[in-house]
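Given the structure is predicted, the values throughout are model-derived calculations rather than measurements.
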Amino acid sequence: MVRGILLAVILVAAFAAPLLAGNGESAAEGGGFYGTVWALLPPVIAIGLALITKEVYSSLFVGILMGGLLYSAYSFEGTVLHVFQDGIVSVLSDGYNIGILVFLVILGAMVSLMNKAGGSAAFGRWAAQHIKTRVGAQLATVALGVLIFIDDYFNCLTVGSVMRPVTDKHKIPRAKLAYLIDATAAPICIIAPISSWAAAVASYVEDGNGLTLFIRAIPFNFYAILTLVMMIGMALMKLEFGPMAKYEEAARSKGDLFHGKNPYAGMAADKEEKKGIVPDLVLPIAVLIVCCVIGMIYSGGYFEGASFVEAFSNSDASIGLMLGSVFALAFAILYYCLRGTMTFRETMDCIPEGFRAMVPAILILTFAWSLKAMTDSLGAGEFVAEVVKGSAGAFQAFLPAVVFLIGCFLAFATGTSWGTFGILIPITLSVFPLTNPLGVVCVSACMAGAVCGDHCSPISDTTIMASAGAQCDHVDHVSTQLPYAVIAAAVSFVAYLIAGFVPNALIVLPVAIVLMVGTLIGIRMVARK
């Protein structure tokens, strides 16, 4: 019933807009919508519908449609032309956006190649021989998750299959493995400059400054960094709390890795791939990283005389990542063919498979870009900037913490981080110029909140894939992970409160890490009592 009431309110607000605006001129002709509060209606509707329906694709499209209706003053022809011609077609015709999409497709192809070549299975065999303790098994899982930072899908699809035999040997419950997989997927990608996530975030920033902003925001991405600190700290302290503690006790004392529920009991064992070797996994990733770095400094003018730092700061993420991934893909195909692990035809079959795997990400990006085009055409940036400029300076200091909470709530309800920061980042950038340190903190808060909510959400694709990768009951994974994520989110919220008044990463980040370690020590003392 509550969802029905909210939906009714959204629809009434949408269709009452032209009456309240008071005229029928289009926004382009200086009508009553441009630069007013109604310019925010499309993203508000997209957010509201996402919360109600738990479905991001249709919600984003309805928000785009609302933008077209407002822009054309509810003209049928004007709406259709603006939504498709000025919106979807326009963003898909943009060279920068196309470069990002090409990078995603090639990344999907490389993921498929590396899995089929047997590199993951080979790494698992190597790890089983060299890891001797439970602490070592957990830290190795974290390390592998950190190594596979180019994409969260690739991370979840690889770490689980590689580390299951290792963690099972040391009686680590599957719920704990699922947490380690989930906590080193999106949190790693959102602080890695060479990743599909960095490319997506950079695409929301104009004038080619997206990658520079992303790198500047990394030290302020407290949730991602503190999640890593928390995982390592708990492993070294041998600390468990909440529902996870019962799962750990059952695994250690009884050897029950599933706490009585094994949804994969009837599944055939993973096919052992003997032809793969460890370099089949490590080498293509290393080449991808190197090629992408070279591609980015090339786009920034490094080979024309610019310094490395200057070239990297001025690089075009779209061109750099696209060129780097193309050369890395060519290397991977040649390498696997020469190694004899795959035939040329098999490598070619991986390309459409990779494309299919990236379709959800491409669809979210396209709709998010189109929604941004709608809000831009309605002058949302000008309106928000004027409102914030007129607000009290003290209130602005609380914005990073507020943005973090909004991002957490939205991503948790919708199960998507890309859709969340695709909505929030453009609004945040309209408030603060890139030269404002508080703007960098707020953008980072958008990303951190989106990752936090996605990490907790039971309907998140990453959460679901982490459960599948660990072959763990999904409800068990969500219930055991939530207390850990909430602790990291609480410490992050305090850090953003501090950063709002002191936007200096050299000061706030060490304080946040100390707070997290202190929190873990306090929890350990309470747990012992």
Side-chain angles (χ1 to χ4, degrees), residues 134-135 137-164 166-167 172-192 195 197 218 221-245 247-248 407-408 411-412 415 417 447-458 460-472 474 476-492 495 512-513 516-517 519-520 523:
R134 297 182 87 251
V135 173
Q138 295 179 58
L139 293 179
T141 304
V142 174
L144 181 59
V146 171
L147 173 65
I148 307 176
F149 57 78
I150 54 176
D151 184 71
D152 59 326
Y153 290 178
F154 181 31
N155 190 303
C156 290
L157 293 173
T158 303
V159 176
S161 60
V162 170
M163 297 306 299
R164 273 198 311 270
V166 181
T167 55
I172 295 173
R174 291 291 179 87
K176 183 61 177 292
L177 175 60
Y179 166 69
L180 295 176
I181 294 172
D182 210 352
T184 52
I188 287 296
C189 294
I190 202 63
I191 56 174
S195 69
W197 289 55
I218 290 174
N221 203 318
F222 299 124
Y223 181 79
I225 296 173
L226 294 180
T227 296
L228 294 176
V229 173
M230 185 173 182
M231 284 189 296
I232 296 173
M234 288 193 304
L236 295 176
M237 294 180 188
K238 300 180 181 179
L239 170 65
E240 302 296 343
F241 58 92
M244 188 73 80
Y247 285 67
E248 284 278 3
C408 289
F412 179 83
S417 47
M447 296 187 286
V451 170
C452 176
D454 180 87
H455 192 195
C456 301
S457 177
S460 162
D461 51 359
T462 309
T463 306
I464 294 169
M465 284 193 294
S467 300
Q471 292 191 358
C472 162
H474 184 59
D476 289 349
H477 169 44
V478 174
S479 62
T480 54
Q481 173 174 266
L482 192 57
Y484 294 172
V486 169
I487 292 296
V491 179
S492 300
I513 294 175
M516 174 53 73
V517 174
T519 300
L520 292 179
I523 292 173

What are the two closest heavy atoms between [X] and [Y], and how far apart are they?
| X | Y | value |
| --- | --- | --- |
| L139 | L236 | CD1-CD2, 4.0 Å |
| A489 | C452 | CB-SG, 3.5 Å |
| A411 | G449 | CB-O, 4.2 Å |
| Q138 | E240 | OE1-OE2, 4.3 Å |
| C456 | V478 | O-CG1, 4.2 Å |
| H477 | S467 | CD2-OG, 3.1 Å |

Residue list, side chain to side chain contact (heavy atoms under 4.5 Å, CB included) with [X], at least two apart or on another chain:
| X | answer |
| --- | --- |
| A512 | F222, L226, A495 |
| I523 | L239, F241, I487, T519 |
| A450 | S417, T420, F421 |
| A224 | P187, I190, I191, N221 |

Salt bridge (charged side-chain N to carboxylate O under 4.0 Å, His left out) filter on E248, not counting sequence neighbours, yields R134, K176, R252

Which class fits the ring pair H455 and Y223: parallel under 30°, tilted 30 to 60°, perpendicular over 60°?
perpendicular

Less than 4.5 Å apart, side chain to side chain, heavy atoms only: is that true for P243 and P483?
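SC-SC contact between P243 and P483 confirmed.
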
Flag the pair T480 / Y179 as yes when at least one side-chain heavy-atom distance between them is below 4.5 Å, and no otherwise.
no

To the nearest 0.5 angstrom, please state how far the [atom1] atom of [X] sits from the [atom2] atom of [Y].
| X | Y | atom1 | atom2 | answer |
| --- | --- | --- | --- | --- |
| M230 | L228 | CE | CG | 12.0 Å |
| I232 | L520 | CD1 | CG | 11.5 Å |
| M231 | L180 | CE | CG | 6.5 Å |
| I172 | T141 | CD1 | OG1 | 6.0 Å |

